[in-house]
Amino acid sequence: MRSDLRLIPFFSELDDGVLSAIEKYCRREHYGRGEVVFAEGDFGDRMYVIESGQVKVTLERNGAEKIFSYLNPGNFFGETALLTGEPRNASIRVVIDSDLISLGRQELQELVEAHPSIAVEISRELSRRITRQIQTPVQQEELNIIAVVGHQAPALAEQIARLVCEEVFLFDLGGLGGLPVDQTALSQGGVQLAHGGQNLTADDLPGRLSTLVQEYFWVILAIPLRPSLLTIKAIDLADMTIQLAETPERWLTQAATRSFSVVKPEPKQIARLARKITRRQLGLALSSGGARGLAHIGVLDVFERERIPIDMIAASSMGAIVGALYAAGAPFDEITRVAQLMKKQTNFMTGIAMWDVRIPPRSGLVRGARTLDYFKKILHDRKFEELETPLSVVACDVITGEEVVFDTGAVAEAVRASMSLIGVFEPAHLRDHYLVDGGTVNPVPTSILQDKHADIVVASNVIPGLPERMHRQQQLRTGKAPNVISIILGAIEIMESEIIRARSDAIDVMIAPDVAQFTTLDYDRVDEIIQVGRNAAVKALPQIREMLAPKPRVKALAV
């Protein structure tokens, strides 16, 4: 064992006499992925040195697991409880199958007394940890080992390297199928390729991976589309498994029990997948706001021109109309044409295609059937599952007051529900709910983006504060009483303002077009409103680019 100990950094500086003494006292232990070496609060009677593999140090806080650090070969842990006699102050869970060398309390005491150099090494390591601990925050779960099925694995590796500006190791375990790969081009793109599928066994893989993750943070395992001991082991050790295909293989859905995704092997989808893996998913919330919501078109136009990726959209009311058109792949010119027609479509006299007035009114002046047909036409009757960009649409159950979120089924039905102005449209009866304007419950739905794990939450908010609204200032000056429509819209504006104020902490970047000069019915000022959206988006670009830019990654050490 002495030669093996010499390879471990913690023991490498000790002389042969000390190593001989350690060899007599230590014992080897093996743990598989997911196993707990010890738990927070346990009595501590042994310390451990990692020979191969990887573990994570976790703390239980408020019912959730917080990751403190990841430890690789050569690191030791568990010494604090051993030396102080106090309970374990953290839990250790295995990430990559690990071989550990352990020492008991009595053995360590005898070794330190006979060989003080061991105590010196422990003190040095603890000092290094304290220095790094001060600067290192609690970490997120790392998704740095990815098993990929599909010949486009090199394309994914290149996308990840481009996003993080770090080298990515592409380990071919037979998944590239002997296809010719331009290693020079890959290397220039920040990807190091190695082939290991022929000679590597399933038992060898954990040790090989534990070595790789010390040098490369990102490791892509290209595995073949057939089960084998090596393939199954790769899936077991990977943080996530991805099949680049149209449909999943059944055995993969059964083998990849932790995290499995099927992604179409298209450049746009692979780029979005890379952003998900590297935690750079950008979510855009499009607020309600009537005609003011047309400013969202200008925001989206700037994002397209400046190549700011949008990985998901959440939208309410007018934001749902604009967001649905964009998510369906409608070009900017087509979205603008729809907006320009809104002056005619929203007029009771000329908007025959939109309005089916109910006489006498019951739960609304307009049935909404024609409105639904119109949305089906301009959205080509798409389903959420068919959209180019994932979309969530918010509506409000008028009976229970609860927020209802649509991300499956017919898009037009969800949009019709989300823009159903209270008192004007009959509530949409959908999925056992009676639904009205989504702006009444979540006018800037950034909370949905958080629930969908967006890493960067951007809001396009066209709901100005009450004192900023021109029509309210005019009413104050004239002293005239508002009409029925103004009363309904005014009440909604008050609700929206209060909700936005309460939920603003869920936003990383706020784009706030200067729309206070417009009213919610200014559909004849489309071009002006869109330009205001453009101006606001341009101002926000530096902040958005800063959030998307690669940032230095700090690896923490345990205490």
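These numbers come from the heavy atoms of this one structure, side chains and all, not from hydrogens, waters or symmetry mates.
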Can you see which heavy atom on Gln243 is nearest to which on Pro248, and at what distance? OE1-CA, 3.2 Å

Can you tell me how far the CD1 atom of Ile456 sits from the CZ atom of Arg279, to the nearest 0.5 Å? 12.5 Å

Under a 3.5 Å cutoff, is there a donor and acceptor pairing between the side chains of Tyr326 and Glu388? no

Go through it in stages, so that I can follow the logic: the residues are Leu230 and Thr201, the test is side-chain contact (heavy atoms from CB on, under 4.5 Å), and I'd like the CA-CA distance, side-chain angles, deciding distance and then a yes or no. CA-CA 6 Å; Leu230 180 61; Thr201 67; over 6 Å; no

If the condition is side-chain hydrogen bond (donor to acceptor under 3.5 Å, both in side chains), which residues does His30 pass it with, not counting sequence neighbours? Asp99

Any donor-acceptor pair under 3.5 Å linking the side chain of Arg280 with the backbone of Val164? no

State, yes or no, whether a side-chain contact exists between Ile277 and Trp218 at a heavy-atom distance under 4.5 Å. yes

Looking only at heavy atoms, which two atoms of Gly41 and Pro87 are closest? And how far apart? O-CB, 3.6 Å

Identify, with sequence neighbours excluded, every residue that meets side-chain hydrogen bond (donor to acceptor under 3.5 Å, both in side chains) alongside Arg162. Gln159

Does a side chain donor of either Thr184 or Ser187 reach within less than 3.5 Å of an acceptor in the other side chain? no

Looking at every heavy atom in both Ala39 and Arg88, which two are closest together, and how far apart are they? O-CB, 3.5 Å

Under the salt bridge (Lys or Arg N to Asp or Glu O under 4.0 Å) rule, collect the residues that match up with Glu35, sequence neighbours excluded. none

Side chains of Leu237 and Pro206: does their closest heavy-atom pair fall under 4.5 Å? yes

Asp204 bridged to Lys233 by N-O distance under 4.0 Å: no

In Å and rounded to the nearest 0.5 Å, what is the OG1 to CD1 distance from Thr231 to Ile235? 6.5 Å

Apply the side chain to side chain contact (heavy atoms under 4.5 Å, CB included) test between Val394 and each candidate in Ser447, Ser288, Pro445; give the one that qualifies. Pro445

Are the side chain of His296 and the backbone of Gly323 linked by a donor-acceptor contact shorter than 3.5 Å? no

For Ser392, does its backbone N or O pair with a side-chain atom of Asp407 as donor and acceptor, under 3.5 Å? no

Are the side chains of Ile544 and Leu282 in contact, using a 4.5 Å heavy-atom criterion? yes

Just wondering, do Phe77 and Phe38 contact through their side chains at under 4.5 Å, heavy atoms? yes

Sole residue of Pro390, Pro267, Pro309 in side chain to side chain contact (heavy atoms under 4.5 Å, CB included) with Arg272: Pro390

Residues Cys396, Glu402; criterion side-chain contact (heavy atoms from CB on, under 4.5 Å); working and verdict: CA-CA 6 Å; Cys396 174; Glu402 68 180 299; over 6 Å; no

Quick one, Glu60 with Lys66, criterion salt bridge (Lys or Arg N to Asp or Glu O under 4.0 Å). Give me CA distance, side-chain angles, the key distance, then yes/no. CA-CA 6 Å; Glu60 187 78 17; Lys66 301 293 184 182; over 6 Å; no

For the atom pair CD1 (Ile507) and OG1 (Thr446), what is the distance rounded to the nearest 0.5 Å? 4.5 Å

Testing the basics here: between Pro224 and Leu173, what is the closest heavy-atom pair and its distance to 0.1 Å? CD-O, 3.5 Å

Note, Val458 side chain near Asp508 side chain (heavy atom, < 4.5 Å): no

Short question: side chain of Ser98, backbone of Gln54 - any donor-acceptor pair under 3.5 Å? yes

Any side-chain heavy-atom pair of Thr389 and Met312 under 4.5 Å: no

For the residue pair Glu51 and Pro73, establish whether any side-chain heavy-atom pair is separated by less than 4.5 Å. no

Inter-residue atom distance Leu225.CG - Leu252.CG, 0.5 Å rounding: 6.5 Å

Contact check, side chains of Val181 and Leu193, non-hydrogen atoms, under 4.5 Å: yes

Residue pair Ile223 / Ala147: nearest heavy atoms and the distance that separates them: CD1-CB, 4.1 Å

Got a sec: does the CZ of Arg258 have more than 12 other heavy atoms crowding it under 6.0 Å? yes

Would you please name every residue forming a side-chain contact (heavy atoms from CB on, under 4.5 Å) with Ser102, sequence neighbours left out? Arg27, Glu29, Arg46, Tyr48

Could you go through the salt bridge (Lys or Arg N to Asp or Glu O under 4.0 Å) check for Arg275 and Asp311 one step at a time? CA-CA 8 Å; Arg275 291 193 295 273; Asp311 295 299; 2.6 Å; yes

Please answer whether the main-chain N or O of Ile146 pairs with a side-chain N or O of Asp239 as donor and acceptor at a distance below 3.5 Å. no

In sequence, state the C-alpha distance, the side-chain angles, and the governing distance for Leu170 and Leu156, and then conclude on side-chain contact (heavy atoms from CB on, under 4.5 Å). CA-CA 10 Å; Leu170 177 59; Leu156 176 61; over 6 Å; no

Between Asn72 and Ser210, do the side chains contain a donor N or O and an acceptor N or O under 3.5 Å apart? no

Please give me the minimum heavy-atom distance between Val95 and Tyr70, naming the atom from each residue. CG2-CE2, 3.9 Å

Any Lys/Arg nitrogen of Asp45 or Arg105 sitting under 4.0 Å from an Asp/Glu carboxylate oxygen of the other? no

Rounded distance (nearest 0.5 Å) linking atom CG of Leu100 with atom OH of Tyr31: 6.5 Å

Determine whether Glu166 and Phe217 satisfy the following criterion, side-chain contact (heavy atoms from CB on, under 4.5 Å), listing intermediate values before the conclusion. CA-CA 8 Å; Glu166 294 181 51; Phe217 183 78; 3.9 Å; yes

Atom pair CG/CD of Leu176 and Gln152 - distance to nearest 0.5 Å: 10.0 Å

For Phe169, which residues count as a ring pair (Phe, Tyr, Trp, His ring centres under 6.0 Å) partner, sequence neighbours excluded? Phe171, Tyr216

Can a donor-acceptor pair be found, under 3.5 Å and without considering hydrogens, that links the side chain of Ser287 to the backbone of Val462? yes

For Lys276, check side-chain hydrogen bond (donor to acceptor under 3.5 Å, both in side chains) against everything at least two apart and list the hits. none

